[in-house]
Every structure is written in C-alpha cells, then in structure tokens.
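Whatever order the structure lists ligands and atoms in, that order sets their numbers, starting from 1. Nothing here was measured: the structure is a model prediction, and the numbers come from that model. Numbering starts at 1 and runs along the sequence shown.
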Amino acid sequence: MKIIENSKINSDRELNDLFQLIEKEDSQYHSFLSLHKNYTKFDENRRGELANVPIAIKDNICVKNTIVTAGSKVLEDYISPYNATIIEKLQKAGAIIVGKTNLDEFAMGSSTENSAFGPTKNPLDRSLISGGSSGGSAVAVSANFVPVAIGTDTGGSVRHPASMCGVIGFKPTYGEISRYGIIAMGSSLDQVGIFGNEVGDIERVFNVVRGSDSKDSTSQIKKIKKLAKTNSSEKISIGIPYHFIQKGLSIEVKEKIGLLVQKLKEKYEIIDITLPHINYSLAVYYIIMLVEVASNMARYDGVRYGKNKNSLGDEVKRRIILGTYISSAGYADKYYHRAQAVRKLILEDFKKAYLRVDYIMMPTSPVLPWKIGEKINDSMSMYLMDIFTVPVNLAGLPAISLPTKRDPLSVGIQFIANQFNDDNLLNDSKEFLEIIETI
Ligand code: GLN
C-alpha cells in the first residue's frame with residue numbers, strides 16, 4: 001500500500017524506474033492515458049508539503065502544454081495552454097505530476113467504459129469494472145503506482161471508483177477547491193476529489209489544493225455558520241437513513257453494513273434518521289446534470305473547441321439530446337424548474353438531520369463491482385449505481401468513501417458531513433477506517 005511518506009522520489013533514476021514500472025504494469029489495467037515522462041524531471045530543490053511526491057491527475061484537468069482529452073476523441077490532440085489552479089498549487093508544493101488518468105468520456109459514466117480509449121480494469125479482479133468516472137485515478141492508487149491521485153466528482157465519480165477498487169475517495173464541500181482549468185460537466189455539482197490509501201495523505205493534499213480562487217467564483221462561497229446541534233450527546237453520532245438504503249442493496253453490501261453497524265455501536269451513537277425527499281435524488285440529479293451538460297458541451301462545436309463533434313460517444317450524445325429537450329421552452333418548467341425546487345428540499349432535509357447527528361452513513365454503491373460489459377447497454381441500471389452518491393452533490397456536502405478489507409468483496413462505506421465540516425470529517429474518518437477495515 002503506497003503512502004506519501006514512502007513514495008517520495010529521490011533521484012532521476014527513481015523517477016525513471018517509476019515511469020518504467022507504470023509502462024510495464026499498467027498494460028493490464030489501462031489506468032493512464034498519458035505519462036508525462038518528457039515534461040517531468042527530478043529536481044532535488046523541490047520544497048514544500050508534497051516535495052517530490054508522484055501524483056496522477058484525471059485527464060479532464062488542464063496541465064499546461066500537455067494533451068487533455070477528457071476521455072474523448074473530440075479532444076484527442078488538444079493541448080492545454082494553461083494550468084488548472086490545482087495544478088499550480090500542487091506544483092508549488094513540490095508534487096511531481098506523473099501523468100493523466102483514464103475516465104468516462106467528459107466524466108459521464110460509472111464504470112470508465114465510456115472512455116473513447118477503452119475501459120480501465122479493476123486491480124482487485126481484472127474482469128471487473130473500475131467504477132467511474134475517475135476509474136483511472138482510483139486504479140493508479142489501487143495498483144500502487146502513486147500514493148495519491150486527483151479526480152472529479154459530479155455525482156459520485158471519486159467515491160464510486162474508490163469503492164470499487166478498495167481505496168479511499170474524498171469529495172469536499174462544493175466550492176472548497178477551485179475548478180478553474182477543469183473541463184466542466186455539471187457546473188452546480190462538479191467538485192475536485194482526492195484518492196489515497198491513507199486518510200492523512202488525502203488531508204495533506206486537500207490542504208494544499210483547497211481555498212478560494214479569484215478565477216472560480218464558486219470557490220468563494222461564504223462559509224455558513226455552523227448551527228448548534230440539539231443532540232447534546234458527548235459521543236459522535238452517526239445517522240443512518242434506513243428507509244433509503246433498504247432497497248436495491250446486494251446481499252454482500254447489506255451484510256457488511258449490518259456487521260459494521262454492530263461494531264460502530266460500541267463507540268458511537270447510531271441514530272435511525274429520515275430524509276423525506278432523498279428518494280427523488282436520482283431523478284433530480286439526472287435532470288439538473290443533463291441540462292448543465294447540454295449547456296457545457298455547446299463549446300465543442302468544432303469552431304471553439306473539438307476537431308470533429310461527430311466522434312462524440314453515444315452516452316455523451318444521449319445526454320446532450322436529453323438535456324436540450326428538458327430545458328427547451330415548454331418543458332423547462334415541467335422538469336428543470338421542478339427539479340431545482342426539489343433539490344432545495346433535499347438540502348433542507350440534510351440540514352435538519354445535521355441538527356441531530358454529526359455524520360450520515362450509507363454504502364457508497366448498492367452493489368460490488370460488476371463484470372466489464374455487463375451493464376454497458378443498459379443506461380438505466382448504470383444510472384442506478386449513483387443512487388447513494390448523487391444526493392451529496394445535490395446538497396454540496398463533503399463525503400468520503402472508506403473501504404472494508406481490500407479484496408474483490410471490498411465494500412465502500414460513505415460518511416457524509418454537513419457543509420464545510422471537511423476537516424472534522426477527515427479527522428474522524430481515521431477512526432472510522434480502523435473499524436471498517438476489520439469488517
Ligand atoms: N455516474 C454519474 C454520471 O454518470 C456521475 C459522474 C461524475 O461524477 N462525473 O453522471
């Protein structure tokens with residue numbers, strides 16, 4: 001298990017060895033789309049929190065003078081003229097960007113099979129999907145190429161692949177990390193996330209990349225004052241919305257949740273909570289996200305960006321068509337505006353719940369990783385895989401997926417905190433993980 005402290009590169013030779021190792025071993029997983037061998041040199045003078053730590057970056061994040069494909073043929077040879085803010089920050093902290101990782105085309109998907117460059121395979125079992133859309137970043141950490149990797153999470157794209165591949169995936173509060181230089185999918189939902197094998201490593205990277213940025217107005221949200229809890233218990237309290245997680249869970253996931261709750265009860269207060277509107281999350285997400293996707297994708301018209309829009313994949317085309325339809329005159333009220341109203345109710349439900357509990361816990365995914373190809377022609381069952389992750393993006397909350405023991409039966413357990421409680425969430429996750437790993 002690679003962690004930051006043991007992964008620092010100490011010489012030219014070590015960096016070369018790492019590139020060689022990835023070139024050789026990654027042919028079985030396809031987690032990287034490009035290696036930055038020719039742009040990256042070892043420099044012993046690098047200083048900072050992440051000095052000479054190798055990091056992998058999802059290929060929808062711009063690194064100056066290098067190709068950024070977003071997993072699409074449309075951007076196959078597009079070279080970014082500038083750095084994303086998070087790349088500037090990582091490089092200033094001394095990190096080495098080793099390369100760009102595979103993703104579902106424009107981050108749309110839950111398995112990385114929608115990448116125009118072929119799927120990424122799961123290191124726990126190569127016949128299985130890696131999850132998505134940041135499957136490449138999850139695998140780069142799970143296969144021990146790098147200690148930490150960066151992804152994006154619009155509806156679960158960091159937490160879901162983390163859960164599939166037995167690693168940790170963290171999505172901060174909406175607005176905590178600048179999205180400048182990140183190829184947009186659903187702008188009111190998108191957030192950068194971090195993969196790692198240790199919570200402390202994720203914390204370190206988060207503290208480097210977080211903070212407001214004048215180039216991204218959504219990163220300048222005023223921090224909301226935390227309301228006092230009405231629950232005066234000394235113990236940390238964890239709410240579980242049983243009514244929501246009853247349906248659709250596979251036997252394996254159900255069993256592990258049951259075991260975990262027993263163990264958590266020894267230390268924490270476990271409370272059965274109700275989130276009255278959460279059942280609408282998937283429907284609301286797939287309306288709002290589609291409308292924002294249709295709007296964001298308009299720039300790939302072959303004039304501004306994109307060499308040939310005809311080479312867009314089916315899933316992306318489907319979303320552009322649906323999003324355009326939903327937001328067109330006459331339909332916007334029926335779908336989009338209604339979804340916005342329900343989104344507010346979902347957020348209110350969460351806010352009320354956090355008056356009683358510190359965290360909300362549920363599985364990250366309803367099922368274990370499935371076989372590559374199994375759901376590729378069934379969009380609806382693929383969308384259902386996002387059921388437990390999308391409410392978090394709709395409400396802009398921070399959440400983390402923590403893995404049970406690392407084997408093909410590993411289950412991701414999601415802990416969700418109130419807005420801007422990212423630090424507490426990370427801190428308490430260290431203890432949660434110790435318990436979860438024993439399951
Ligand atoms: N699986 C979800 C979707 O396809 C989430 C994608 C994401 O978070 N980028 O929309």
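From Met1, atom CE reaches atom OG of Ser7 across 10.0 Å, with rounding to the nearest 0.5 Å. Lys171 NZ to Ser134 OG: the interatomic distance, rounded to the nearest 0.5 Å, is 12.5 Å.
Across all their heavy atoms, Val192 and Pro172 have their closest contact at O-CD, 2.9 Å.
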Would you be so kind as to tabulate the donor-acceptor pairs closer than 3.5 Å made by side chains of residues 289-297, with sequence neighbours excluded?
from: Glu292; atom 1: OE1; to: Ser187; atom 2: N; distance (Å): 2.9
from: Glu292; atom 1: OE1; to: Ser188; atom 2: N; distance (Å): 2.8
from: Glu292; atom 1: OE1; to: Ser188; atom 2: OG; distance (Å): 3.2
from: Glu292; atom 1: OE2; to: Ser188; atom 2: OG; distance (Å): 2.7
from: Asn296; atom 1: OD1; to: Arg299; atom 2: NH2; distance (Å): 3.2
from: Asn296; atom 1: ND2; to: Met185; atom 2: O; distance (Å): 2.7
from: Asn296; atom 1: ND2; to: Ser187; atom 2: OG; distance (Å): 3.1
from: Asn296; atom 1: ND2; to: Glu292; atom 2: O; distance (Å): 3.4

Just distance, no hydrogens or angles: give the donor-acceptor pairs under 3.5 Å from side chains in residues 273-284, sequence neighbours left out.
from: His277; atom 1: ND1; to: Asp349; atom 2: OD1; distance (Å): 3.4
from: His277; atom 1: ND1; to: Asp349; atom 2: OD2; distance (Å): 2.9
from: Ser281; atom 1: OG; to: Ile278; atom 2: O; distance (Å): 2.7

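Applying the salt bridge (charged side-chain N to carboxylate O under 4.0 Å, His left out) test to every pair with at least one member in residues 382-399, sequence neighbours left out, gives no pairs at all.
For ligand 1, the 4.0 Å heavy-atom shell takes in Ala107, Met108, Gly109, Ser110, Ser133, Asp153, Thr154, Gly155, Gly156, Ser157, Met185, Tyr285, Tyr286, Met289, Arg319, Asp386, ordered by chain and residue number.
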